[in-house]
Amino acid sequence: MRCRRRALLAVAVCLLLGLWWSLRVSTFGLRLPPSLPTVRCAVGANVSAWFAARYDAAVGPLLTGPAHELSPDVVRWWLTLQGPPGVVPLQDVMQKLFAVLPAPNGSAWVPSQCRTCAVVGNSGRLKGSRHGLQIDAHHWVLRMNRAKTAGFEVDVGTRTTHHFMYPESAMNLWPGVHLVLIPFKPLDLKWVTSAFSTGELTHTYTRVKQFIKADRNKVLILSPAFLKYIHENWTERHGRYPSTGFTALLFALHACQQVSVFGFGADSKGNWHHYWEENRWSGAFRRTRVHDADVEFSLIQRLADEGRILFYQ
Ligand code: C5P
């Protein structure tokens, strides 16, 4: 009798152990670590003179509506970024934009005691990193341009809350994901208006998507004033304007209390490679002089050294 009871007990323990083990196996068939990563807020880091000289909380990252005022010097700088400046009826462009897309009401996000954000660049350094679970553990996951997750989940995660893009790098998004447009020229505002309505615009300096599949209620438009602020305060006029990745990182610094940074940095030969490509690409990004990759990278390292961000290399 006692033996039978012991045997039953042993079977029950085995069943429970089996259940516990199977719960640790994700839908991708991957074995999870003993506990899911937790991401904590490192609020309260001391403000260094270096950081205080650059960070300006008063500069809002977003365009807020048709009546949004851009100062003449912002407009003058913005119009030189891509293509020759011309006379642009900006008020008209913005009015049409916000007739098609809702303006963010007040702040686009609720001020948070602790919002943790993962900024995921497209660097090939992510290959084999196994950062997927860590990335997905953040409240917000920011990706950009042609970033893919399918097939790369273990290294880059599965979730996206914000996807940064411009017309020439645009891709369709899942419902619920914020499309964050970085406008490098007024034509980019016309494109997003068209891509969510008539589809009349199919060409900028290259062919662009006629329509985009994304949640129109979730579209956020980055302000050219924010780009100029990054260019002047942070990259200190190195390069012509900041990269998508560095822009997303600054957006996160302004919107999140804890910022973790993944997928930044060139390969050992200095090439700007992507994690989804066979990296025979020849570092064109560095040679264009559009962005200053070295300056951006050293800023990221300094932010990490000062405890402002967590930099996963
Ligand atoms: O190449 P792409 O611009 O789509 O990559 C997104 C961002 O990721 C870049 O703007 C850059 O900030 C970062 N990146 C990087 N190192 C690479 C590739 C991309 O830091 N090798």
Side-chain angles (χ1 to χ4, degrees), residues 18-41 114-166 169-180 182 209 212-215 218-220 243-249 251-252 255-256 258-268 271-281 285 297 300 304 309-313:
L19 184 69
W20 172 77
W21 186 250
S22 65
L23 281 174
R24 287 179 53 200
V25 175
S26 79
T27 43
F28 306 108
L30 306 172
R31 203 165 291 154
L32 303 181
S35 57
L36 276 172
T38 46
V39 184
R40 290 205 196 90
C41 268
C114 171
R115 179 180 297 113
T116 63
C117 299
V119 183
V120 189
N122 288 336
S123 169
R125 290 189 186 188
L126 276 170
K127 249 190 196 170
S129 67
R130 303 185 75 84
H131 281 143
L133 287 170
Q134 185 72 30
I135 289 171
D136 280 348
H138 292 75
H139 294 123
W140 286 4
V141 179
L142 283 52
R143 301 186 196 270
M144 59 207 71
N145 296 342
R146 306 210 188 266
K148 302 170 198 338
T149 52
F152 303 93
E153 295 87 349
V154 179
D155 292 333
V156 308
T158 59
R159 295 179 53 236
T160 306
T161 59
H162 296 71
H163 198 115
F164 289 69
M165 61 177 80
Y166 45 91
S169 74
M171 57 182 270
N172 295 330
L173 303 179
W174 293 104
V177 178
H178 286 280
L179 186 166
V180 187
I182 308 182
K209 276 176 106 47
I212 186 141
K213 284 195 199 101
D215 196 333
K218 295 270 178 180
V219 177
L220 303 171
S243 74
T244 315
F246 196 68
T247 302
L249 194 159
F251 173 93
C256 315
Q258 172 66 61
V259 178
S260 307
V261 176
F262 303 84
F264 281 74
D267 71 9
S268 54
N271 293 327
W272 281 84
H273 53 337
H274 294 141
Y275 60 83
W276 63 85
E277 287 170 347
E278 281 314 317
N279 300 314
R280 287 189 209 99
W281 208 39
F285 180 91
F297 194 78
I300 296 172
I309 60 171
L310 294 172
F311 185 23
Y312 293 81
Q313 296 206 48

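Fair warning: this is a prediction, and the values are worked out from it, not measured in the lab. Excluded from the calculations below are hydrogen atoms, water molecules and symmetry mates; all remaining heavy atoms, backbone and side chain alike, are included.
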Check: What are the two closest non-hydrogen atoms of Ala252 and Val259, and how far apart are they?
Finding: O-CG2, 3.6 Å
Item checked: Sub-4.5 Å side-chain heavy-atom contact between Cys117 and Gln258 -> no
Notebook entry, point to check: When the ring planes of Phe251 and His162 are compared, do they come out parallel, tilted or perpendicular, using 30° and 60° as the limits?
Noted result: tilted
Margin query: Please report the interatomic distance CZ(Phe164) to CG(Leu142), rounded to the nearest 0.5 Å.
Written below: 4.5 Å
Notebook entry, point to check: Between Arg143 and Gly157, which heavy-atom pair has the shortest distance, and what is it?
Noted result: NH2-C, 3.7 Å
Notebook entry, point to check: Is the side chain of His139 donor-acceptor paired with the backbone N or O of Thr116 at a distance under 3.5 Å, no angle test?
Noted result: yes
Next item on the list: Drop me the distance from Asn145's CG to Met171's CE, to the nearest 0.5 angstrom.
Entry: 9.5 Å
Checklist line | Expected output: side-chain Arg159 to main-chain Trp140 donor-acceptor under 3.5 Å | finding: no
Notebook entry, point to check: Quick one: does Ser260's side chain have a donor or acceptor within less than 3.5 Å of a partner on Ala118's backbone?
Noted result: no
Notebook entry, point to check: Backbone N or O of Glu277 within a donor-acceptor pair of the Lys127 side chain at under 3.5 Å?
Noted result: yes
Next item on the list: Identify the heavy atoms of Leu179 and Ala214 that sit nearest to each other, and give their distance.
Entry: CD1-CB, 4.0 Å
Notebook entry, point to check: Looking only at heavy atoms, what is the nearest atom pair of Gly121 and Tyr275, with distance?
Noted result: O-CE2, 4.1 Å
Margin query: When you compare the side chain of Thr149 with that of Thr158, does any pair of heavy atoms fall below 4.5 Å?
Written below: no
Next item on the list: Verify side-chain contact (heavy atoms from CB on, under 4.5 Å) between Leu173 and Met165, making sure each step is shown before the conclusion.
Entry: CA-CA 11 Å; Leu173 303 179; Met165 61 177 80; 3.9 Å; yes
Notebook entry, point to check: Closest approach of Phe264 and Phe262, non-hydrogen atoms and distance?
Noted result: CD1-O, 3.2 Å
Margin query: Quick check: closest heavy atoms across Pro175 and Asp215, and the distance to 0.1 Å?
Written below: C-OD2, 4.4 Å
Item checked: Asp155 side chain vs Gly128 backbone, donor-acceptor pair below 3.5 Å -> yes
Next item on the list: List the steps and the verdict of side-chain contact (heavy atoms from CB on, under 4.5 Å) for Met144 and Val119.
Entry: CA-CA 9 Å; Met144 59 207 71; Val119 183; 4.1 Å; yes
Next item on the list: To the nearest 0.5 angstrom, please state how far the CD1 atom of Ile182 sits from the OG1 atom of Thr244.
Entry: 4.5 Å
Next item on the list: To the nearest 0.5 Å, tell me how far His273 NE2 sits from Leu126 CG.
Entry: 9.0 Å
Next item on the list: With rounding to the nearest 0.5 Å, note down the distance linking CD in Gln313 to OG in Ser123.
Entry: 10.0 Å
Checklist line | Asn122 and Arg146, any side-chain heavy atoms less than 4.5 Å apart | finding: no
Next item on the list: Evaluate the side-chain proximity of Asn172 to Lys209: yes if any heavy-atom separation is below 4.5 Å, no if none is.
Entry: yes
Check: Counting only heavy atoms not in Lys213, do more than 12 fall under 6.0 Å of its NZ?
Finding: no
Notebook entry, point to check: Which value, rounded to the nearest 0.5 Å, describes the distance between Cys256 atom SG and Ile309 atom CD1?
Noted result: 12.0 Å
Margin query: I'd like to know if the side chain of Gln134 and the backbone of Gly132 have a donor-acceptor N/O pair within less than 3.5 Å.
Written below: no
Margin query: Has His163 got a side-chain atom pairing as donor or acceptor with Val180's backbone, closer than 3.5 angstrom?
Written below: no
